[in-house]
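This report refers to the structure that appears directly beneath it.
All of these numbers come straight from a predicted model, not from anything done at the bench.
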Amino acid sequence: MRAVIQRVSEARVAVGGRSVGEIGTGLVALVGVAMGDRTAQATWLGERLANLRIFPKGDADMDASLLDVGGAALVVSQFTLYGDVRKGRRPSFLRAARGPEAEPVFDTVVTTLRDLGIEVATGEFGSMMEVTLTNAGPCTILVDGDKAF
């Protein structure tokens with residue numbers, strides 16, 4: 001699993017011009033599921049997102065977690081995180097899990113965050129989405145669960 005996360009002051013996701021999720025202070029997580037990923041990786045990712053110390057606290061720019069600041073998460077599926085551009089001019093997505101395999105793993109990330117008490121908004125799995133956000137910092141981090149397992 002991979003996630004690109006951004007610390008935000010606000011974010012929203014729309015499908016077909018209709019807002020389907022929005023948050024205030026928190027983080028946006030664009031989550032990619034690879035073939036073979038299981039719930040163990042998804043649980044790890046959800047816990048990692050909740051506990052990463054990427055929010056300001058006192059004089060420290062990165063000393064508080066999402067849990068510490070009472071922030072929310074906007075979690076959006078993004079298979080393109082597994083785009084391979086080493087050959088040709090068009091990305092290959094062979095490593096990305098297909099929808100029926102990816103959706104329950106993605107849902108485990110969302111469930112893990114919610115079980116930890118975090119307010120979670122999502123897009124619509126498999127839909128063309130428009131994500132709008134205000135990156136606070138800016139702070140953008142790649143979380144590569146492929147290296148953790």
Side-chain angles (χ1 to χ4, degrees), residues 1-15 20-58 60-86 91-149:
M1 294 196 81
R2 288 183 180 155
V4 172
I5 62 170
Q6 295 185 304
R7 184 176 65 192
V8 299
S9 56
E10 63 181 353
R12 67 187 45 84
V13 61
V15 175
V20 296
E22 61 183 83
I23 63 168
T25 299
L27 63 82
V28 170
L30 305 175
V31 175
V33 179
M35 289 176 47
D37 281 347
R38 300 289 177 249
T39 57
Q41 286 101 324
T43 300
W44 175 88
L45 180 60
E47 291 172 351
R48 180 64 49 154
L49 297 177
N51 290 290
L52 276 176
R53 292 169 40 185
I54 62 170
F55 292 91
K57 180 180 178 184
D61 187 40
M62 294 192 180
D63 201 33
S65 70
L66 190 59
L67 288 167
D68 295 332
V69 299
L74 175 61
V75 185
V76 177
S77 63
Q78 188 159 356
F79 75 92
T80 59
L81 291 179
Y82 279 98
D84 183 350
V85 297
R86 292 176 291 175
S92 166
F93 300 104
L94 293 175
R95 288 201 52 219
R98 302 292 176 246
E101 178 187 351
E103 190 170 11
V105 177
F106 172 83
D107 288 345
T108 299
V109 175
V110 173
T111 300
T112 299
L113 287 165
R114 286 182 175 147
D115 287 350
L116 291 169
I118 294 172
E119 175 191 336
V120 180
T122 65
E124 289 181 4
F125 191 91
S127 295
M128 178 65 80
M129 295 175 269
E130 295 176 347
V131 179
T132 305
L133 60 91
T134 302
N135 190 326
C139 177
T140 303
I141 296 172
L142 173 63
V143 180
D144 194 348
D146 293 348
K147 308 291 188 225
F149 287 85

Under a 4.5 Å cut-off applied to non-hydrogen side-chain atoms, are [X] and [Y] in contact?
| X | Y | value |
| --- | --- | --- |
| Met1 | Gln41 | yes |
| Val143 | Leu52 | yes |
| Met62 | Cys139 | yes |
| Val31 | Gln78 | no |
| Val69 | Lys57 | no |
| Val28 | Leu30 | yes |
| Val120 | Thr122 | yes |
| Leu66 | Leu49 | no |

task = List the steps and the verdict of side chain to side chain contact (heavy atoms under 4.5 Å, CB included) for Met129 and Val13.
result = CA-CA 7 Å; Met129 295 175 269; Val13 61; 3.8 Å; yes
Side chain to side chain donor-acceptor pair (under 3.5 Å) against [X], all qualifying residues, sequence neighbours excluded:
| X | result |
| --- | --- |
| Thr134 | Glu10 |
| Thr112 | none |
| Arg95 | Asp146 |

Atom pair CG (Leu74) and CZ (Arg12), whose distance is rounded to the nearest 0.5 Å =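 These two atoms lie 10.0 Å from each other.
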message = Return the CG to CZ distance between Asp63 and Arg53, rounded to the nearest 0.5 Å.
response = 4.5 Å
request  = Could you walk me through whether Ile54 and Ile141 pass side chain to side chain contact (heavy atoms under 4.5 Å, CB included), step by step?
outcome  = CA-CA 9 Å; Ile54 62 170; Ile141 296 172; 3.6 Å; yes
query = Less than 4.0 Å between a side-chain N and a carboxylate O, is that true for Arg38 and Glu101?
reply = yes
ask   = Asp37 side chain to Val33 main-chain N or O, any donor-acceptor pair under 3.5 Å?
value = no
task = Test side chain to side chain contact (heavy atoms under 4.5 Å, CB included) on Ile118 and Leu67 and set out the steps.
result = CA-CA 7 Å; Ile118 294 172; Leu67 288 167; 3.7 Å; yes
inquiry  = Classify the ring geometry of Phe125 against Phe106: parallel below 30°, tilted from 30° to 60°, perpendicular beyond 60°.
reply    =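 It falls in the tilted class, 30° to 60°.
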